[in-house]
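Contents: one structure, followed by commentary.
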There are 2 protein chains.
Amino acid sequence: MEDLIGLLRGAGVQPTPQRLAVARYVLATTSHPTADEVLEHARRECPTLSRATVYNTLTRLTEKRLVKSQSIKEGVVVFDARVEKHHHFIDEETGEIHDVPWDALVVSGKEKLKGFQIKEYQVVMRGRRKAGG
Amino acid sequence: MEDLIGLLRGAGVQPTPQRLAVARYVLATTSHPTADEVLEHARRECPTLSRATVYNTLTRLTEKRLVKSQSIKEGVVVFDARVEKHHHFIDEETGEIHDVPWDALVVSGKEKLKGFQIKEYQVVMRGRRKAGG
DNA sequence: GTTCGTGCAAACGGTTTGCAACAAT
DNA sequence: ATTGTTGCAAACCGTTTGCACGAAC
């Protein structure tokens, strides 16, 4: 768990108590939190943590590719500790975002698209999580 | 062109000069405008048009399925006059959003996903528009 | 002592809301 | 009269910025 320090150092991010609190939460969760949700949780570990520091840290972590920011929900950016390519499913009732493994879906036809140089892509699905799923 | 009045009436939206100005622009463009861009353009036809009325109207048009709102760009909602299913390509340089026809791409594997009831989906691609594309 | 990080508060930009004036039925 | 629409201004919410204080090298 204290490899977090090494992880941040390795990424060129000086570890501070505030950054560790942010990183500990955002890297461990799969809930795709907003900046504010990160603040709320990280404050349990570091009560003086400020909103500005959370934004700073999340921006830094994003630059260093330790997390990825996603713009798939209205009005907010959410942060994703899963940094490898994958797809997303959004439950329209609860707003929850679920990861869908990259190779669970195959998108064909991209090669034939003329005029577009695709750097990345993902499938974004909306609907409802099934009970017992 | 004055079928716009009929179109709005048919959707249960009482046509007013303001709404016609908004609808005339948003239904004709393929540029995926933000609310503010709609305001800017619709004001050319109806200079007294207010921001609030634009939001009201866009919400109304969205409810009536005359346009669709998309949350694929950071921080803003954009409006899409194309109401049928299609995919999107976002030019990371210019921010422009391009429509990709539904049957240009095939997504396979969705049926095998357990636990998700998919109501809609789309492929969101990012990259650069190729010169001459 | 210079650089970097923090926290506060103010600013900002997109969006929503409350409300008084007004038009339509 | 009632209902619906408009436009303004204020509120709101997520995010960014400016700045002074403090910690680390």
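Quick caveat: nothing in here was measured; it's all calculated off a predicted structure. Lettering of chains follows the sequences in order, A, B, ..., and the numbering in each one begins at 1.
Comparing B/Thr59 and B/Gln14, the nucleotide of DNA chain C nearest to each residue sits closer to the 5' end for B/Thr59. Residue whose closest nucleotide on DNA chain D sits further toward the 5' end, between B/Glu74 and B/Cys46: B/Cys46.
A close approach under 4.0 Å does not occur between any side-chain nitrogen or oxygen of A/Arg51 and OP1 or OP2 of C/dA9. For D/dG7, one of the phosphate oxygens OP1 or OP2 lies less than 4.0 angstrom from a side-chain nitrogen or oxygen of B/Gln18. Checking the phosphate oxygens (OP1, OP2) of C/dT16, no side-chain nitrogen or oxygen of B/Tyr55 falls inside 4.0 Å. Within the structure, a side-chain polar atom (N or O) of A/Arg19 is placed less than 4.0 Å from OP1 or OP2 of C/dG5. The phosphate of D/dG7 has OP1 or OP2 within less than 4.0 Å of a side-chain N or O from B/Thr53.
Ranking D/dT5, C/dT6, D/dG7 by closeness to the B/Thr16 side chain, first place goes to D/dT5.
Among the atoms of the strands shown, only primed sugar atoms or phosphate atoms (P, OP1, OP2) are found under 4.0 Å from some heavy atom of B/Thr48.
Other residues, nucleotides and ligands contribute over 12 non-hydrogen atoms within 6.0 Å of the CZ atom of B/Arg82.
B/Asp99 and B/His88 share a side-chain donor-acceptor pair at under 3.5 Å.
Taking atom CG of residue B/Leu49 and atom C1' of nucleotide D/dT6, one finds them 10 Å apart after rounding to whole Å.
Here the straight-line distance linking atom CE of B/Met125 with atom CD of A/Gln122 works out to 11.0 Å at 0.5 Å rounding.
A heavy-atom distance below 4.5 Å is found between the side chains of A/Glu74 and B/Val77.
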